[in-house]
Amino acid sequence: MDTFTVNGTTRAVRTAPGTTLASLLRDQLGLTSVKLACERGECGTCTVLVGGRPRLSCVTLAALVDEEVTTAEGLAEESADLRAAFADRGAFQCGFCTPGHVVHATALLRGGLPAAPERAARHVRRELSGNICRCTGYTAIVEAVCETARRRAATEGVPGEELT
Ligand code: FES
Ligand code: FES
């Protein structure tokens with residue numbers, strides 16, 4: 001039996017050797033925002049935060065995780081404006097990739113984006129390049145993330161200059 005902290009709550013879990021973090025989160029803890037597509041580290045749909053950094057949970061062994069894990073469920077409040085921007089911009093169609101994009105972009109936004117719009121968009125495209133979307137063509141996703149950064153910088157003074 002191991003203890004495991006996810007979305008602010010410490011849980012007791014039992015994992016068989018070889019259990020992936022994605023399996024633990026989905027199958028044992030019922031955190032179904034964690035989507036599985038390629039299951040070999042190539043698409044980003046299974047992205048969660050481990051110790052605040054994006055991690056592909058399908059290729060992460062649960063037994064090796066010793067920092068807090070955060071899924072899209074645990075980011076509901078922090079990502080509310082980002083998710084609204086996704087909806088406003090039509091940044092998803094089937095929505096299967098969306099939790100992974102939201103998790104990754106939430107971590108990205110904590111550090112702010114370059115103030116110059118074109119640089120911000122390039123930065124977002126580069127940082128989210130491991131999150132694959134079959135539906136949208138990415139433009140709306142990038143715009144939603146950039147718009148969220150601009151709004152936060154305007155209303156909260158969130159850092160937006162250090163990457164320029
Ligand atoms: S399901 Fe994990 S990277 Fe594709
Ligand atoms: S919205 Fe369908 S895969 Fe991204």
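One-based numbering, in listed order, for ligands and for the atoms of each. Given the structure is predicted, the values throughout are model-derived calculations rather than measurements. Numbering of residues begins at 1 and proceeds along the displayed sequence.
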Exercise for review: With heavy atoms only and a cut-off of under 4.0 Å, state how C38 meets ligand 1: side chain, backbone, both or neither.
Suggested key: both

Review point. Has C46 got an N, O or S atom lying less than 2.8 Å from atom 4 (Fe) of ligand 1?
Key: no

Review point. Can you tell me if an N/O/S atom from C58 lies under 2.8 Å from atom 4 (Fe) of ligand 1?
Key: no

Do [X] and [Y] land in one hydrophobic cluster if side-chain heavy atoms of ILVMFWY residues count as linked below 4.5 Å?
X: F4; Y: V50; result: yes
X: L82; Y: L113; result: yes
X: L36; Y: L21; result: no
X: L24; Y: V69; result: yes

Exercise for review: Would you please test R26 and L31 for side chain to side chain contact (heavy atoms under 4.5 Å, CB included) and show each step?
Suggested key: CA-CA 5 Å; R26 282 185 59 86; L31 295 165; over 6 Å; no

Output the list of atoms in ligand 1 that are nearer than 4.0 Å to some heavy atom of [X], sorted by atom number.
X: C43; result: 1 (S), 3 (S), 4 (Fe)
X: G41; result: 3 (S)
X: E42; result: 3 (S)
X: E39; result: 1 (S), 4 (Fe)
X: A37; result: 1 (S)
X: T45; result: 1 (S)
X: G44; result: 3 (S), 4 (Fe)

Practice item. On the 0 to 90° scale, with breaks at 30° and 60°, tag the F86-H101 ring pair as parallel, tilted or perpendicular. Key: tilted

Point to revise | Lys/Arg N to Asp/Glu carboxylate O, R152 vs D81, below 4.0 Å | key: yes

Check your understanding: Can E156 and R151 be counted as an ion pair, charged N to O under 4.0 angstrom?
Key -> no

Study note, to complete from the structure: Total protein N/O/S atoms sitting under 2.8 Å from atom 2 (Fe) of ligand 2, waters ignored, is 2

Exercise for review: Using side-chain contact (heavy atoms from CB on, under 4.5 Å) as the criterion, list what pairs up with T5, not counting sequence neighbours.
Suggested key: T10, E68

Review point. Which atom pair, heavy atoms only, marks the closest approach of V145 to L109?
Key: O-CD2, 3.7 Å

Point to revise | Between E73 and S33, a side-chain donor and acceptor under 3.5 Å | key: yes

